[in-house]
Amino acid sequence: MRALQVTRLSEDLGGVELRDIPRPAPGPGKVLIAVRAASVNYPDLLMARGEYQMKPDLPFTLGGDLAGEVVAVGEGVTRVAPGDLVTAIGIGAFCDCALMPEATVDPWPEQLAAPQAAAFGAAYLTAYVALVERGRMQPGDWVLVHGASGGMGLAAVDLAKALGARVIATSTSDEKLDEIRRLYAPDHVINIRSGFRDKVLEITGGKGADVIFDPVNGDVFDESVRCVAFDGRLLVVGFTGNRITSIKTNLTLIKAFSVVGVRAGEYFRRFPDRRPRATSALQELVRDGRICPHVCREFPIGDWKSAFGLVAGRQALGKVVLTL
């Protein structure tokens with residue numbers, strides 16, 4: 001079968017290639033899925049470069065987010081059976097048949113086409129863990145979403161609005177902000193090229209943002225500290241910015257705000273009983289038409305370089321998806 005694999009780590013992705021490999025057989029607790037679509041996430045680029053916190057042994061298959069049909073299950077698997085349409089999260093999604101742990105496999109929401117279903121799992125589960133589980137977001141809260149044009153950021157805008165928050169979406173592109181406004185109707189948008197602290201304080205009547213969703217870090221984090229509300233939650237979701245920053249702890253004392261790390265995958269590994277609750281809540285929102293992932297481009301897996309280029313160049317709005 002075809003698999004998009006990393007054979008050597010390389011800054012320019014020169015170690016990534018589409019190869020023929022043996023089709024795997026599911027062992028205990030594993031599910032073999034015929035992949036129909038898989039979304040490209042920024043961590044895929046980092047893993048191919050050796051810059052991600054998770055470093056699989058070479059060679060390994062890229063991709064962590066898919067939609068497809070179960071073709072076989074291993075011993076002990078009880079939640080799914082061959083023929084089921086599912087989504088799944090785990091390393092190795094960019095291939096014809098992916099092997100995934102049963103715990104990360106969920107029903108494919110019938111309201112979503114394959115590319116949307118592939119774009120749904122990781123982004124929306126991360127947004128849910130960040131905003132609901134870790135951020136304690138409540139209806140009426142001011143939620144500042146940085147990197148709102150990315151897959152996770154756009155999911156956070158969509159979910160926060162669906163759950164009754166007042167959302168401020170940021171980007172460095174007016175064109176993308178116009179599209180975000182059209183898709184998900186945030187209450188306010190800010191182009192942060194010239195800063196955002198004063199604008200956030202003005203919008204919130206001087207209070208600041210109750211919850212800040214930050215997949216960027218660096219300069220964006222530093223300025224976010226200056227516009228978080230008293231008792232606010234600043235959620236560290238990723239590091240796509242210019243540097244990893246630090247914070248003076250006296251600032252957290254003065255404003256009594258929390259800096260909260262978000263690792264959705266590890267969160268559910270540590271607390272597996274919480275995953276069904278999150279999945280159920282998100283799927284209900286999909287069924288009710290209150291949330292829906294946005295896919296900006298689809299590429300056949302043979303044209304993976306174009307897909308990766310869009311993500312690396314930060315040209316995409318929402319998700320880029322590979323189809324098989």
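Small disclaimer: the values here were computed from a predicted structure and weren't measured. Below, each value reflects all heavy atoms present in this structure, side chains not excepted, and no hydrogens, waters or symmetry copies.
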> Check this for me, if you would: do Asp187 and Lys161 make a salt bridge, where the nitrogen-to-carboxylate-oxygen distance has to be below 4.0 angstrom?
yes
> Verify the cluster assignment for Val320 and Leu324: are they in a single hydrophobic cluster under the rule of side-chain heavy atoms below 4.5 Å apart?
yes
> Are Glu202 and Lys199 ion-paired here, with the side-chain N under 4.0 Å from a carboxylate O?
no
> Flag yes if more than 12 heavy atoms outside Arg36 fall under 6.0 Å of its CZ atom; otherwise flag no.
yes
> Minimum heavy-atom separation for Leu9 to Met47, with atom names?
CD2-O, 3.6 Å
> Considering all heavy atoms of both residues, which atom of Ser224 and which atom of Leu234 are nearest to each other, and what is their separation?
CB-CD1, 4.1 Å
> Begin from the C-alpha positions of Val40 and Phe299 and carry the test side chain to side chain contact (heavy atoms under 4.5 Å, CB included) through to its verdict.
CA-CA 10 Å; Val40 181; Phe299 295 91; over 6 Å; no
> From Asp178 CG over to Ser173 OG, what is the distance, rounded to the nearest 0.5 angstrom?
8.0 Å
> If Ile, Leu, Val, Met, Phe, Trp and Tyr residues are connected whenever their side-chain heavy atoms lie under 4.5 Å apart, and connections chain through other members, are Val311 and Ile301 in the same group?
yes
> Are the charged groups of Glu179 and Arg182 less than 4.0 angstrom apart, N to O?
yes
> Can you confirm whether more than 12 heavy atoms, excluding those of Lys55, are under 6.0 Å from its NZ atom?
yes
> Show, in sequence, the C-alpha distance, side-chain angles and deciding distance for Thr204 and Leu144, and conclude whether the side chain to side chain contact (heavy atoms under 4.5 Å, CB included) test is met.
CA-CA 10 Å; Thr204 61; Leu144 176 63; over 6 Å; no
> Tell me whether Ile247 shares a hydrophobic cluster with Val260, the cluster being built from Ile, Leu, Val, Met, Phe, Trp, Tyr side chains joined at under 4.5 Å.
no
> Can you see which heavy atom on Ala37 is nearest to which on Ala118, and at what distance?
O-CB, 3.5 Å
> Under 3.5 Å, is there a donor-acceptor pair between the side chain of Asp158 and the main chain of Pro293?
no
> With a 6.0 Å cut-off on ring centres, are Tyr128 and Tyr124 close enough?
no
> Please assess Leu322 against Val35 for the test side chain to side chain contact (heavy atoms under 4.5 Å, CB included), listing each intermediate value before the final yes or no.
CA-CA 10 Å; Leu322 297 176; Val35 179; over 6 Å; no
> Between Thr245 and Asp222, do the side chains contain an N or O donor and an N or O acceptor separated by less than 3.5 Å?
yes
> With no hydrogens and no angle check, is any side-chain donor or acceptor of Glu223 less than 3.5 Å from a backbone partner on Phe196?
yes
> If you take all heavy atoms of Val216 and Gly147, which pair is closest and at what distance?
CG2-N, 4.2 Å
> Okay, side chain of Gln283, backbone of Pro109: is any donor-acceptor separation there less than 3.5 Å?
no
> Is a side-chain donor or acceptor of Thr252 paired with a backbone partner of Thr249 at a separation under 3.5 angstrom?
yes
> What I want to find out is whether Asp106 reaches Arg275 closely enough, with some N-O distance under 4.0 Å, to be called a salt bridge.
yes
> Any chance the rings of Tyr184 and His294 have centres within less than 6.0 Å?
no
> Let me see the working for Phe271 and Val129 under side chain to side chain contact (heavy atoms under 4.5 Å, CB included), right down to the final yes or no.
CA-CA 12 Å; Phe271 308 112; Val129 170; over 6 Å; no
> Would you be so kind as to tabulate the donor-acceptor pairs closer than 3.5 Å made by side chains of residues 82-92, with sequence neighbours excluded?
| from | atom 1 | to | atom 2 | distance (Å) |
| --- | --- | --- | --- | --- |
| Asp84 | OD2 | Ala81 | N | 2.9 |

> When you compare the side chain of Lys30 with that of Val77, does any pair of heavy atoms fall below 4.5 Å?
no
> For Val236, which of Asp214, Val262, Ile244, Asn217 qualifies under side-chain contact (heavy atoms from CB on, under 4.5 Å)?
Asn217
> Measuring from atom CG of Leu46 to atom CE of Met54, what distance do you get when rounded to the nearest 0.5 angstrom?
12.5 Å
> Looking at side-chain heavy atoms only, is the closest gap between Met152 and Phe213 below 4.5 Å?
yes
> If you measure from the Lys or Arg side-chain nitrogens to the Asp or Glu carboxylate oxygens, is any gap between Asp219 and Arg243 under 4.0 Å?
yes
> Among all residues two or more places apart in sequence or in another chain, which pass the side-chain hydrogen bond (donor to acceptor under 3.5 Å, both in side chains) test with Arg2?
Asp96
> So, Asp141 and Arg233, do they make that salt bridge, N to O below 4.0 Å?
yes
> Between Ser39 and Lys319, does the side chain to side chain donor-acceptor pair (under 3.5 Å) criterion hold? Intermediate values first, please.
CA-CA 7 Å; Ser39 64; Lys319 283 299 192 84; 3.2 Å; yes
> Does any part of the side chain of Ile291, heavy atoms only, come nearer than 4.5 Å to the side chain of Phe120, both counted from C-beta?
yes
> Keeping Arg134 on the side-chain end and Gly261 on the backbone end, is there a donor-acceptor pair under 3.5 Å?
yes
> Please give me the minimum heavy-atom distance between Pro22 and Met1, naming the atom from each residue.
O-CE, 4.2 Å
> Nearest 0.5 angstrom please: Ser258 OG to Asp231 CG, how far?
6.5 Å
> Going by heavy atoms in the side chains, are Leu183 and Leu317 under 4.5 Å from each other?
yes
> Can you measure from CG (Asp210) to CZ (Phe230) and round to the nearest 0.5 angstrom?
12.5 Å
> Between Val237 and Val220, is there a shared hydrophobic cluster once you connect ILVMFWY residues whose side-chain heavy atoms come closer than 4.5 Å?
no
> Is there a path of hydrophobic side-chain contacts, each under 4.5 Å between heavy atoms, that joins Val132 and Leu282?
yes
> Would you find a donor on one side and an acceptor on the other, under 3.5 Å apart, between the side chain of Ser10 and the backbone of Val16?
no
> Indicate yes or no for a side-chain donor-acceptor contact from Glu102 to the backbone of Arg79 under 3.5 Å, with no hydrogens or angles considered.
yes
> Could you tell me the separation between the CH2 atom of Trp304 and the CG atom of Leu4, rounded to the nearest 0.5 Å?
6.0 Å
> For the atom pair CG (Leu112) and CZ (Arg287), what is the distance rounded to the nearest 0.5 Å?
11.0 Å
> Would you name the heavy atoms of Cys97 and Leu32 that are closest together and state the gap between them?
CB-CD1, 3.9 Å
> Can you check whether Arg166 reaches His188 side chain to side chain, under 4.5 Å on heavy atoms?
no
> Answer yes or no: is there a donor N or O on one side and an acceptor on the other, between the side chain of Asp44 and the main chain of Asn41, under 3.5 Å?
yes
> Counting C-beta onward and ignoring hydrogens, is there a side-chain heavy-atom pair between Val189 and Ser171 closer than 4.5 Å?
no
> Sub-3.5 Å donor-acceptor pair from the side chain of Arg197 to the main-chain atoms of Cys227, do we have one?
no
